[in-house]
Amino acid sequence: MSAAADRYDDAFLTAAQVTRDLLRLPQLAPAWGEPSALPGLSVGALACHLGNQVVRAAQLLPQQDDLPVLGSVDEHYRRAAWVTAPPDDAVNDRSRDEDEARTGHAALLDRVDGADRTVRALLADGSARDVVPVPWQGWSLRRDDFLLTRMLEMVVHSDDLVASLDVPAPPLPDAVLDPVVALLVRLSVARHGQSALVATLTRRERAREIYAF
């Protein structure tokens, strides 16, 4: 195992537990078919997209492939087409999430709980690989970078879900939030420049609309 391969193993498991807790909120099932805070996506589909971050990890952590390995997680986001594509672009199609939502809330809980058990076993017994393929992108990432991408998805879409349900956001442990925020800051700087980000964070009179994606 490389020195950094397991850097986010524990943090990912913590984020996965936060996700599982959110998917058990009593407000979720009654709102399943309602529009979410994301245009064009139902609450159920958003919940499925959130839960699928754990499912993806369970599927991909044990896989081996010969895809090229990117040097950093930042390069992953520089190359990914969806990062700069408009919301209605085909690369952002969420029809699969809507299809999964039709199987219902209980089915989602079963999928995510099963995936969580699988991930925990893979990380505990050493079956999780140091390099993980990201087949829909055509490249691989080091395990810590891959898990950070899944943590970012969970942090972002957890916030989308609580906004959709009009419930308070749960506090995230520093081990989860800090690396995600650091990544979002780097991506925002790459998109808008250092000065724009510094001014937005410190000077209300010069604040700009800053976003990572």
Side-chain angles (χ1 to χ4, degrees), residues 5-25 28 32 36-38 41-63 70 73 76-77 80 82-83 91-101 103 105-123 128-129 131-137 139-165 169-170 172-173 175-184 187 212-213:
D6 63 349
R7 178 167 46 162
Y8 296 130
D9 287 5
D10 290 342
F12 176 85
L13 295 177
T14 299
Q17 184 59 58
V18 172
T19 290
R20 293 171 65 214
D21 291 343
L22 285 175
L23 295 179
R24 284 177 163 77
L25 286 173
L28 178 55
W32 194 257
S36 76
L38 298 182
L41 201 65
S42 70
V43 169
L46 173 58
C48 287
H49 189 73
L50 171 60
N52 277 341
Q53 307 314 313
V54 185
V55 175
R56 281 264 175 88
Q59 294 168 341
L60 296 175
L61 282 172
Q63 287 192 20
L70 298 190
V73 68
H76 166 80
Y77 288 105
W82 67 266
V83 173
V91 74
N92 289 315
D93 177 60
R94 292 288 180 239
S95 58
R96 179 178 176 181
D97 297 319
E98 294 291 358
D99 290 342
E100 290 189 345
T103 67
H105 183 216
L108 172 63
L109 294 180
D110 286 344
R111 285 197 302 275
V112 177
D113 287 349
D116 182 77
R117 289 191 295 271
T118 297
V119 171
R120 290 175 187 277
L122 290 168
L123 295 175
R129 297 192 176 273
V131 174
V132 182
V134 189
W136 63 92
Q137 295 290 3
W139 56 71
S140 296
L141 293 169
R142 295 191 309 265
R143 186 168 86 223
D144 61 332
D145 285 340
F146 171 77
L147 291 179
L148 180 52
T149 68
R150 298 310 98 197
M151 287 163 55
L152 183 148
E153 291 283 330
M154 285 190 279
V155 168
V156 170
H157 292 302
S158 292
D159 195 63
D160 291 332
L161 186 62
V162 297
S164 301
L165 299 176
L172 294 168
V176 174
L177 187 62
D178 287 357
V180 169
V181 169
L183 174 56
L184 289 171
L187 297 177
F213 304 125

(Q) Using every non-hydrogen atom in the two residues, find where Ala37 and Ala163 come nearest and quote the distance to one decimal. (A) CB-CB, 4.2 Å

Q) At their closest point, which heavy atom of Ser158 faces which heavy atom of Thr19, and how far apart are they? A) OG-OG1, 4.3 Å

Q.
As an exercise, state the distance from CZ of Arg129 to CZ of Phe146, rounded to the nearest 0.5 Å.
A. 14.0 Å

(Q) Do Val180 and Leu148 have side chains that approach each other closer than 4.5 Å (heavy atoms only, starting at C-beta)? (A) yes

Q: May I have the step-by-step check of side-chain contact (heavy atoms from CB on, under 4.5 Å) for Arg120 and Leu13, ending in yes or no?
A: CA-CA 7 Å; Arg120 290 175 187 277; Leu13 295 177; 3.6 Å; yes

Q | 4.5 Å side-chain heavy-atom contact, Leu61 and Val132 | A | yes

**Q.** Under 3.5 Å donor-acceptor, Arg143 side chain and Ala128 backbone
**A.** yes

Q: Would you name the heavy atoms of Leu23 and Gly51 that are closest together and state the gap between them?
A: CD1-CA, 4.0 Å

Q. Taking Ser36 for the side chain and Leu41 for the main chain, is one N or O donor matched with an acceptor at less than 3.5 Å?
A. yes

Q) Any side-chain heavy atom of Thr118 within less than 4.5 Å of one from Pro62? A) no

Q) Mind checking whether Pro170 and Asp21 have side chains closer than 4.5 Å, heavy atoms only? A) no

Q: Give a yes or no on whether Arg24 atom CZ has more than 12 heavy-atom contacts from other residues, nucleotides or ligands under 6.0 Å away.
A: yes

Q: Decide side-chain contact (heavy atoms from CB on, under 4.5 Å) for Glu100 and Arg111; before the verdict, give the C-alpha distance in whole Å, the side-chain angles of both, and the deciding distance to 0.1 Å.
A: CA-CA 11 Å; Glu100 290 189 345; Arg111 285 197 302 275; 3.9 Å; yes

Q. Closest approach of Ala175 and Ala11, non-hydrogen atoms and distance?
A. O-CB, 3.5 Å

Q | CG-CD distance between Leu122 and Gln59, expressed to the nearest 0.5 angstrom | A | 11.5 Å

Q: Measure up the Trp82 and Tyr77 rings against each other and bin them: parallel (under 30°), tilted (30 to 60°), perpendicular (over 60°).
A: perpendicular

Q.
Between Leu165 and Leu25, does the side-chain contact (heavy atoms from CB on, under 4.5 Å) criterion hold? Intermediate values first, please.
A. CA-CA 9 Å; Leu165 299 176; Leu25 286 173; 4.0 Å; yes

Q.
Assess the residue pair His49 and Asn52 against the criterion (side-chain hydrogen bond (donor to acceptor under 3.5 Å, both in side chains)); give the C-alpha distance rounded to whole Å, side-chain angles, the decisive distance to 0.1 Å, and a yes or no.
A. CA-CA 5 Å; His49 189 73; Asn52 277 341; 5.7 Å; no

Q. Atom CG in Leu172, atom CG in Asp178: separation rounded to 0.5 Å?
A. 10.0 Å

(Q) Over 60° means perpendicular and under 30° means parallel, so tell me whether Trp139 and His76 are parallel, tilted or perpendicular. (A) perpendicular

Q. Does a donor on one side chain sit under 3.5 Å from an acceptor on the other, for Arg20 and Gln17?
A. yes

Q: Could you tell me whether a side-chain N or O of Asp116 sits under 3.5 Å from a main-chain N or O of Val112, the two making a donor and an acceptor?
A: no

**Q.** Arg94 backbone acceptor or donor facing Glu98 side chain under 3.5 Å
**A.** no

Q.
Tell me whether Thr103 contacts the main-chain N or O of Asp99 through its side chain, where contact means a donor paired with an acceptor under 3.5 Å.
A. no

**Q.** side-chain contact (heavy atoms from CB on, under 4.5 Å) between Leu70 and Gln137, intermediate numbers included
**A.** CA-CA 11 Å; Leu70 298 190; Gln137 295 290 3; over 6 Å; no

Q.
With rounding to the nearest 0.5 angstrom, report the CG to CG distance, Leu22 to Leu161.
A. 6.0 Å

Q) How far does CG of Asp113 sit from CG of Leu108, to the nearest 0.5 angstrom? A) 9.0 Å

Q) At their closest point, which heavy atom of Tyr8 faces which heavy atom of Asp144, and how far apart are they? A) CD1-O, 3.2 Å

Q.
Rounded to the nearest 0.5 Å, what separates atom CE in Met154 from atom OG1 in Thr149?
A. 9.0 Å

**Q.** Closest non-hydrogen atom pair, Ala115 against Val54
**A.** CB-O, 3.7 Å

